[in-house]
Every structure is written in structure tokens, then in C-alpha cells.
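Given the structure is predicted, the values throughout are model-derived calculations rather than measurements. Start at 1 and go down the list; that is how both ligands and their atoms are numbered. Throughout, residue positions are numbered sequentially from 1 according to the sequence presented.
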Amino acid sequence: MNRTLSDKYGPWGVVAGGSDGVGAAFAHAMAARGMNVVLVARRIPVLEAFADTVRARHGVEVRTLALDLSAPAAVAELARHTSDVEVGLFVYNAGGDDRSAAFLDKDLDTHLNLVNRNCTAVLEAAYRFGAPMVARGRGAMVLVTSGAAWAGGAALAAYGATKAFDLILAESLWAEWRGSGVDVLGLVLGRTDTPSMHRVLDASGEPLGELADPDDVAAVALDHLSDGPTWIWGANPTGGSPLGAMNRRDAVLAMSRGASQA
Ligand SMILES: NC(=O)c1ccc[n+]([C@@H]2O[C@H](COP(=O)([O-])OP(=O)(O)OC[C@H]3O[C@@H](n4cnc5c(N)ncnc54)[C@H](OP(=O)(O)O)[C@@H]3O)[C@@H](O)[C@H]2O)c1
């Protein structure tokens, strides 16, 4: 078993949104590299069944915490639940938007919950879990974001805006914490084969097309934790926006043509 991850960063990892999709792949990959994991999600049966699988497959300790990360006290509760262990790696994964729709076709509360989960809770997690990492001089944080962060687009208003927040937060923390022993990675994903993405595509009637494998995504991210600020899934992982030097109007129109989560 490769134990370098826990040796380098600490014995425990947290995956916020860690019961299916990309988060489940992170949990397996972290446990396979010797880390005990704390898994957070809302649906208790899915969470507990997945935790049993991780325990059985990797022989590490697994804690579960059923929380809605869009609720105001969720991250404080997570910090309390993990205050007795050293969290060396924090992956903020939960962030998908199951329903791609025009801004005014969604309830205001739906938008606000998305902002709470994808912005407020991410910032709070970076603050609450980043501070002890910086104090110890070791740790790593992955904020999972999306190609929707590169520019605005129709049916992407709140989702894309929250993902841009996550990207800028990750890059800024990388700049502040580099040299402190704490690695920060903004992980920019494109379409990935997860239950959440299947729900989006089923609802829109779009064909599946080419989807990244979540296990590949998680493995590559863990291999490149020290290669921040940004890791972009695809052909040019440390390059800039694939929209390149396109002017903003053309970029927004291009984003609007693929009007679903990307
Ligand atoms: N899949 C893609 O094609 C794609 C593309 C670009 C970017 N991304 C990004 O990749 C990340 C992972 O995406 P994903 O497709 O795996 O789906 P996701 O819906 O972001 O994540 C699924 C996991 O998060 C949990 N979760 C969702 N909402 C939660 C909440 N409010 N509180 C607590 N846990 C919550 C789910 O469990 P429960 O439902 O039980 O809570 C599940 O464990 C996201 O940040 C997304 O923006 C994905």
C-alpha cells in the first residue's frame, strides 16, 4: 500500500460530497493511499453503504457525517466532528447542479442553496480546515470546480458564478499558502461520468458523449496536489482557459451553446 499521501499531509482526509461520483472516487483513491477518510453527504443509506465498501476494500478507518452542506451550521458541525483527528487533506467536491435551466426558471431558494453549498461553505471549510494545516506546516486542499467557471453562459448563471468563485478562491489560497507546506489545488473538471451528470443529461435529453472517468480524475488530482494553483482535466492541465484569447462576448456565446453543466 502506498502511504505517501498520509505521510506527507496527515492521517485523515475529508471528502465533502463523498458518497458517489467524483467524491466517491476521491475517497477510494485516498483510502488506497493509506488515508483514513471522513465522508460527508445527505442521503444516509447511500453514504453508509459506500463507507462500508471503502472500509472493506482498503482497511482504513471511515467516519460518516450526514449533513446538508447548504445549511448554515454544516461546516462548523463537520469541524466539531473531526476536531479529535489531524485532517491532512480536505477535498470540497459537492457542487454539481442537477438541473440546467434558465435563471428565472428556478426558484430563488434553489439558487441561494447552491450559493451556500458552493461558495459560503467552501470558504468556511477553507478557513476552518486550512488554519490548522497552515499552523502545522502541512496539509492539502482540493476545491473541485468546473469549465463553467471560464465564462458566463445561458443556463449557467448561478452554477458558473459559484464555480468561478471556487476557482479564484483556490488560486488565491495557493498564492497565500505556497511555502507554508499546504498545497492548494483548484481542480477544473469537464463532463465526468457521475450520477449527477447523468441526471443533467437525462433531463436535457442530450447524448452522453465523451465523459471522463471519475477514478482517473481523482488519481490524477492526488498525483498533482503540489502542482497548483490549477489543474485542468484534459489535454493541457496547467494551461489557461480553453477559451484562450477569445473576446468575452464570443466566449459567453460559445458557453451558451452547450447550455448544460460542463
Ligand atoms: N460530473 C461532471 O460532469 C462535472 C463537470 C464539471 C464539474 N464537476 C464538479 O465536480 C464535482 C462533483 O460532481 P459530481 O458530478 O460528482 O456530483 P455532485 O452532485 O457535485 O457530488 C455528489 C456528491 O456530493 C453529495 N452532495 C451533493 N449535494 C450535497 C449537499 N448539499 N450536502 C452534502 N453533500 C452533498 C452527494 O451525496 P448526497 O446527494 O447524498 O448529498 C454525493 O456524495 C462538483 O463540484 C461539480 O461542480 C462535475
Closest heavy-atom approach to atom 37 (O) of ligand 1 among Ala149, Ala148, Ser19, Pro214 is made by Ser19
Any atoms of ligand 1 less than 4.0 Å from a non-hydrogen atom of Gly21? List them with their elements. 16 (O)
List ligand 1 atoms under 4.0 Å from Lys163, heavy atoms only on the residue side. 44 (C), 45 (O), 46 (C), 47 (O)
Where the closest heavy atom to atom 33 (C) of ligand 1 is concerned, which of Val40, Leu67, Leu78 has it? Leu67
For Arg33, is there an ion pair with Asp223 - N to carboxylate O distance below 4.0 angstrom? yes
CD on Glu86 to CZ on Arg136, rounded to 0.5 Å: 4.0 Å
Describe, in one word, how the ring planes of His224 and Trp231 are oriented to each other, choosing from parallel (under 30°), tilted (30 to 60°) and perpendicular (over 60°). parallel
Candidate list Asp109, Leu112, Asn113, test side-chain contact (heavy atoms from CB on, under 4.5 Å), partner Ser70, passing option: Asn113
Using a 4.0 Å cut-off to any heavy atom of Gly17, which atoms of ligand 1 qualify? 23 (C), 24 (O), 25 (C), 43 (O)
Only one of Leu222, Val91, Val184 passes side-chain contact (heavy atoms from CB on, under 4.5 Å) with Val142, and that residue is Val91
One residue to check: Arg117. Relative to ligand 1, which of side chain, backbone, both or neither has a non-hydrogen atom less than 4.0 Å away? side chain
Need the ligand 1 atom indices (1-based, order shown) with element for anything under 4.0 Å from a heavy-atom of Leu69. 30 (C), 31 (N), 32 (N), 33 (C), 34 (N)
Is the closest heavy atom of Asp68 to ligand 1 under 4.0 Å? yes
Under 4.0 Å from a heavy atom of Ser146: which atoms of ligand 1 are those, numbered in the order shown and with their elements? 6 (C), 7 (C)
For Asn93, the atoms of ligand 1 under 4.0 Å from one of its heavy atoms are 11 (C), 12 (C), 20 (O), 21 (O), 44 (C), 45 (O)
Between Val14 and Thr82, the two heavy atoms sitting closest are CG2-CG2, 4.4 Å
Proximity of Leu211 to ligand 1 by residue part, where a heavy atom lies under 4.0 Å: neither
Which of the listed options, Tyr159, Tyr92, Trp233, Phe26, holds the heavy atom that is closest to atom 47 (O) of ligand 1? Tyr159
If I take atom OG from residue Ser196 and atom CG from residue Leu201, how far apart are they, to the nearest 0.5 angstrom? 9.5 Å
Can you tell me how far OG of Ser6 sits from CG of Asn36, rounded to the nearest 0.5 angstrom? 8.0 Å
Residue-level breakdown please: for Thr194 versus ligand 1, do any non-hydrogen atoms fall below 4.0 Å on the side chain, on the backbone, on both, or on neither? side chain
Euclidean distance, Met197 CE relative to Asp98 CG, rounded to 0.5 Å: 10.0 Å
Could you list the atoms of ligand 1 found under 4.0 angstrom from a heavy atom of Arg191? 3 (O)
Below 3.5 Å, N or O to N or O, backbone or side chain included: is there any such pair between Met197 and ligand 1? no
For Leu189, is at least one N or O under 3.5 Å away from an N or O on ligand 1? no
Inter-residue atom distance Leu5.CG - Leu225.CG, 0.5 Å rounding: 6.5 Å
What I want to know is whether Val22 and ligand 1 share at least one N or O pair that is separated by under 3.5 angstrom. yes
Within a 6.0 Å radius of atom CG on Leu211, are there more than 12 heavy atoms belonging to other residues, nucleotides or ligands? yes
Val200 to ligand 1, any heavy atom closer than 4.0 Å: no
Main chain of Thr194, side chain of Thr192: is a donor-acceptor contact present, judged purely on distance under 3.5 Å? no
Atoms of ligand 1 under 4.0 Å from any heavy atom of Asp20, numbered from 1 in the order shown, are 22 (C), 23 (C), 42 (C), 43 (O)
Does Arg178 have more than 12 heavy atoms from other residues, nucleotides or ligands lying within 6.0 Å of its CZ? no
Does some non-hydrogen atom of Phe50 fall short of 4.0 Å from ligand 1? no
Show the numbers, then the answer: is there a salt bridge (Lys or Arg N to Asp or Glu O under 4.0 Å) between Asp202 and Arg199? CA-CA 5 Å; Asp202 288 350; Arg199 287 192 290 271; over 6 Å; no
Under 3.5 Å, N or O to N or O, is Asp98 touching ligand 1 that way? no
Quick one: does ligand 1 sit under 4.0 Å from the side chain of Asn118, the backbone, both or neither, non-hydrogen atoms only? neither
Looking only at N/O atoms, are Arg199 and ligand 1 under 3.5 Å apart anywhere? no
